[in-house]
Structures are given as C-alpha cells and as structure tokens.
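Residue numbering restarts at 1 for every chain, and letters A, B, ... go by the order of the sequence lines.
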Number of protein chains: 2
Amino acid sequence: MHPLLARITTMGPLAEATFARFLKLGQERTLARHACWSQPGDAVTEFAIVQSGLVRHYYVDAKGRESVKAFRGPGEFSAAYAELIQRRPSRTFIQALLPTRLLAFNLDAFEALAADSLELQRLARRIVEQHFVSKEQREYEFLQLSAEARYQRFCEERPEHLAHIPQHQVASYIGITPVALSRIRARLAKRR
Amino acid sequence: MHPLLARITTMGPLAEATFARFLKLGQERTLARHACWSQPGDAVTEFAIVQSGLVRHYYVDAKGRESVKAFRGPGEFSAAYAELIQRRPSRTFIQALLPTRLLAFNLDAFEALAADSLELQRLARRIVEQHFVSKEQREYEFLQLSAEARYQRFCEERPEHLAHIPQHQVASYIGITPVALSRIRARLAKRR
DNA sequence: GCGCTTTCTTAACCCGGGTTAACGAGCCCC
DNA sequence: GGGGCTCGTTAACCCGGGTTAAGAAAGCGC
C-alpha cells in the first residue's frame, strides 16, 4: 500500500481507486531550508501534504513580531487552511525549517474531483474535523496550562522535531518570549 | 422560508426537501437558566442548534477553576464538538445562561441521513470548517493580542450577549481573572 | 577556515496580571 | 422584604513574564 494512503486512511476509509485519482492531482514542490511556500497577500489556492522535512506556519504582526501557529512534519497537512476555506488572501507564512518536499493539491481541482464523491467529501470532512480538534486542544492549553506546562506538553508532542526547531520559535508557539522560555528551561533543569 | 434554513444556507446551499428531512431529526430541548445540557463524563451523542436563549461551553479543571470556551446564541451550533467528533466522553459543561430552547440532533441519526447525501456531507463539512476558522481566530487573538485588546474585540463581537453574561465569565473566556478584567475596565473608563 | 549572523543565556528592571481580602451592591429565593 | 448569595470593585502584595542589553556559543555562507 502507498505510504500516503496508509496515513490518510488513519482518518477515514478511502478506496485505492479513489486514492489513485486523488494522488494524480498532487504536484511535487521542493523547498530549500528557510524558503517560504506561502506569504501574506498571496492568493491561497492549494493545500499540501508534507512528504519529508518540516515546515512552520506563522503570523507576523505590524511591528514585525512573529507568532508561530503550527509545525508540520511528514504525513501532516500544511496550508493556510483558514484562508483557503474562506477564499481570502493568505495572512500566514509557511516556511521550511528543513529541506522539504510537499505534495500540493489545487483546491478547485480537488473540489471538482470530490463534487460527486461521497467518499472524498467524507474524507475532507474528517480532515477538517481533525484540524478542529487540534485547535481546540490548543485553546485548552492556553486557557488552562501555565507557560511551563505548555512547554512540557510541546516537548512530549513533537520530540522528533525538537532538534530542528530553534528555541525562540517554540517560545512563540507556546505564546511567550524566547527569554522567558530560556528561564523556564533553566528552572526545569535545576529542578532536574 | 424556515428561519433555520435561512441561517443554515449562509454556510452553504441546501435544498428545501433535504432540509425538511434533516429538520425531522431535531428534538426540542428546553433548559432553565443555569441548567446544564452536557457535563463531563456524559456520553456525547448529540449536537444542537440554539433556537433561543444563550449557552456557554466551559471546562472545569481539577482545582475547580472554570475556563469558558465559547458562548452560543440563537442560530449557532452548540455541542461538545471535539468530543462528539472523537466519540469520547464529554470534558465540557454546556450551561444555559438564559432560559434556552435547543434543537438537538442525534449524531448517528444524522450520519445515517447523510450517508448517501452529498449535499449533507458538504454541509457538515462547511459547518466544521466554520468552527475551525473561529478557533483559529481565537488562537490568533491569544498569540497576538493583549488581554485588553481581547476584551475590546469580545465586546464588539458579542454586543447582544454582553448584558446576559456575568463579567467573570467574560474574563475566563479571554483568559484572565475577574479581578484583572475589572482593572482593565477601570483603565479603559478613565481613558474615556 | 574566517567572519558574520543567528541563537541562547543571564542579569536587571519593570509591568501586567494573579492572589487574597474586604466591602458594597444587586439579585434571588424563601 | 429580609438574609444570603453572587457579583463587581478596589487595594496591597507577589510573581511570572516582557524588555533591553550584553556576552558566549554555535551555525553558516562564502
């Protein structure tokens, strides 16, 4: 079985034939380290699946401050999803943290393929549902956990990426400054 | 046209006939002020549309501290959505802040109806998409806005509910304590 | 392999928000 | 229409995290 199909079917069933038609829509994109796939102002027309490497999704505010929304590794979806859904221009950067290969899908092409496919509609729904659940999990962490606890959760959640993500981006992801994260780490190290 | 259909079609097209079949699944639920519709531990089997009144969704942590996730008024969806999707027991309270009428739908019944309906699948997908977008908006506010700015945004977003929501619940929603919100309000009032 | 840039750490100082407590006002229930 | 509640406000104190700055270490481009 195609490894991507294996991954996708963790979200819901998908017949091999349907998957094959879906796969044909995908276009390879190669990103050098630090290259951006999407930038604010771009029209968002595609979503992608990370084949290898690592990307981050982030905002930049008027004063140039970055806020990291997400990190996405192999097998995960990557897109300016909210903007894609709303068919608005991108507000978010998507940048490769490592040399990265994406498989990109044009949304209109996907919609055309899914227009008469219950199977693909259901799958698309499952995928958004997963995105929703993970955002709600994040909301939970902001509401109920301290910065220190959020950092520990992050370390458990993404151990395989930790080595490739600069610490100040982790800080931004959990909603604090790099200096604050450095202090938290010092505190944790002392407490062993 | 049925007012509920008008509301639903703001999310996507839905034929009157399909809507009628959907509507037949709905069951009226009446909640007294302060009554809870869902509580942690409950099996989650339904989602609902608020017909009149106002509800809040919230967590309670081990130390008894509440964190408000959402307020939902007429025409909006209300459910322990993440748990429903994952078919896990509820982690959230849903409580009426006013005498409230809900139209509740059993998920399994809905899935059965939607099983062979592209239209309903597409609609279900649109609904989750909207939920996703609003969670991402909330993430954006936690990452990039100060507590004061989050409060001002909330006041603009839900002016019609402000009178019915105790201030400490607003504080919880924006992620601060009641005391802190009181200070923010005093600051804003002084600045005119 | 040199030099520059990026990253992390540490320190000092400040401020926003948390905590606790006390008080007053309103609301609701009996 | 009292007596409790629940609510909101204010004050005092504390602490976590923001800010700025400086220095050390590591990474990277050329």
Side-chain angles (χ1 to χ4, degrees), chain A residues 31-36 54 56 58 60-68 71 93 95-99 141-155 161-191, chain B residues 32-36 54 56 58 60-68 71 93 95-99 141-152 154-155 161-191:
Chain A
L31 296 175
R33 190 163 125 89
H34 295 163
C36 282
L54 180 62
R56 66 165 171 148
Y58 63 105
V60 178
D61 73 10
K63 282 167 216 120
R65 272 188 298 247
E66 300 183 354
S67 301
V68 178
F71 299 99
F93 286 89
Q95 183 195 39
L97 297 185
L98 295 174
E141 291 173 13
F142 274 111
L143 285 173
Q144 298 228 318
L145 302 185
S146 67
E148 184 178 310
R150 292 202 298 276
Y151 173 64
Q152 290 178 306
R153 291 237 35 195
F154 180 78
C155 292
H161 299 147
L162 222 40
H164 305 118
I165 302 174
Q167 198 171 297
H168 68 271
Q169 292 178 11
V170 176
S172 172
Y173 180 75
I174 65 178
I176 61 177
T177 60
V179 181
L181 180 54
S182 183
R183 281 189 293 232
I184 285 172
R185 285 164 49 85
R187 230 150 52 209
L188 289 173
K190 204 175 308 172
R191 261 191 266 148
Chain B
R33 190 163 123 90
H34 295 161
C36 282
L54 179 63
R56 67 166 170 146
Y58 63 105
V60 178
D61 73 10
K63 282 167 214 118
R65 272 189 298 246
E66 299 184 356
S67 302
V68 178
F71 299 99
F93 286 89
Q95 183 196 37
L97 297 184
L98 296 175
E141 291 173 15
F142 275 111
L143 285 173
Q144 298 228 318
L145 302 185
S146 66
E148 186 178 308
R150 292 202 298 276
Y151 174 63
Q152 290 179 307
F154 180 78
C155 292
H161 299 145
L162 222 40
H164 305 117
I165 303 174
Q167 197 171 299
H168 69 270
Q169 291 178 12
V170 175
S172 173
Y173 180 74
I174 64 178
I176 60 177
T177 61
V179 180
L181 179 54
S182 183
R183 280 189 294 230
I184 286 173
R185 284 163 50 84
R187 229 150 54 206
L188 289 173
K190 203 175 307 169
R191 261 190 266 151

Practice problem: Apply side-chain contact (heavy atoms from CB on, under 4.5 Å) to B:H164 and B:L162, showing your working. | Solution: CA-CA 5 Å; B:H164 305 117; B:L162 222 40; over 6 Å; no

Quiz item: Between B:I176 and B:I184, is any pair of side-chain heavy atoms under 4.5 Å apart?
Solution: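 Yes, at least one pair of side-chain atoms sits under 4.5 Å.
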
Quiz item: Would a 4.5 Å heavy-atom cut-off, applied to side chains only, mark B:E148 and B:L188 as touching?
Solution: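 Side chain of B:E148 against side chain of B:L188, heavy atoms only: contact under 4.5 Å found.
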
Quiz item: Please walk me through it: do B:Y58 and B:F71 pass ring-ring contact (aromatic ring centres under 6.0 Å, His included)?
Solution: CA-CA 9 Å; B:Y58 63 105; B:F71 299 99; 9.6 Å; no

Quiz item: Which heavy-atom pair separates B:A32 from B:A96 by the least distance, and what is that distance?
Solution: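 For B:A32 versus B:A96, the nearest heavy atoms are O-CB, 3.5 Å.
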
Self-check item: Among A:P178, A:S172, A:S182, side-chain contact (heavy atoms from CB on, under 4.5 Å) partner for A:Q167
Solution: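 It is A:S182, the one option of A:P178, A:S172, A:S182 that forms the side-chain contact (heavy atoms from CB on, under 4.5 Å) with A:Q167.
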
Self-check item: Working for side-chain contact (heavy atoms from CB on, under 4.5 Å), residues B:I165 and B:V68
Solution: CA-CA 11 Å; B:I165 303 174; B:V68 178; over 6 Å; no

Quiz item: How would you give the extent of chain B contacts on DNA chain C, as first and last nucleotide 5' to 3' within a 4.0 Å heavy-atom cut-off?
Solution: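 Both ends considered, the range comes out as C:dG17 to C:dC28.
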
Exercise. Could you go through the side-chain contact (heavy atoms from CB on, under 4.5 Å) check for B:I174 and B:F142 one step at a time?
Key: CA-CA 8 Å; B:I174 64 178; B:F142 275 111; 5.9 Å; no

Practice problem: Measure the angle between the two terminal helix axes of the helix from C:dG1-D:dC30 to C:dC30-D:dG1, five base pairs each, and quote it to 10°. | Solution: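 Overall, the helix from C:dG1-D:dC30 to C:dC30-D:dG1 bends by 60° from one end axis to the other.
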
Practice problem: Examine the side chains of A:R56 and A:Y173 and answer whether a donor and an acceptor come within less than 3.5 Å of each other. | Solution: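 Absent: no donor and acceptor within the cut-off.
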
Practice problem: Begin with the C-alpha distance, continue with both residues' side-chain angles, and end with the deciding distance and a verdict on side-chain contact (heavy atoms from CB on, under 4.5 Å) for A:H161 and A:L97. | Solution: CA-CA 10 Å; A:H161 299 147; A:L97 297 185; over 6 Å; no

Check nucleotides 7-11 of chain D against the protein and report each pair of N or O atoms closer than 3.5 Å, with its distance, or say if there are none.
| residue | atom | partner | partner atom | Å |
| --- | --- | --- | --- | --- |
| D:dG8 | OP1 | B:Q167 | N | 2.6 |
| D:dG8 | OP2 | B:Q167 | N | 3.2 |
| D:dG8 | OP2 | B:H168 | N | 3.1 |
| D:dG8 | OP2 | B:H168 | ND1 | 3.3 |
| D:dT9 | OP2 | B:Q167 | OE1 | 3.4 |
| D:dT9 | OP2 | B:Q167 | NE2 | 2.5 |
| D:dT9 | OP2 | B:S182 | OG | 3.1 |
| D:dT9 | O5' | B:S182 | OG | 3.3 |

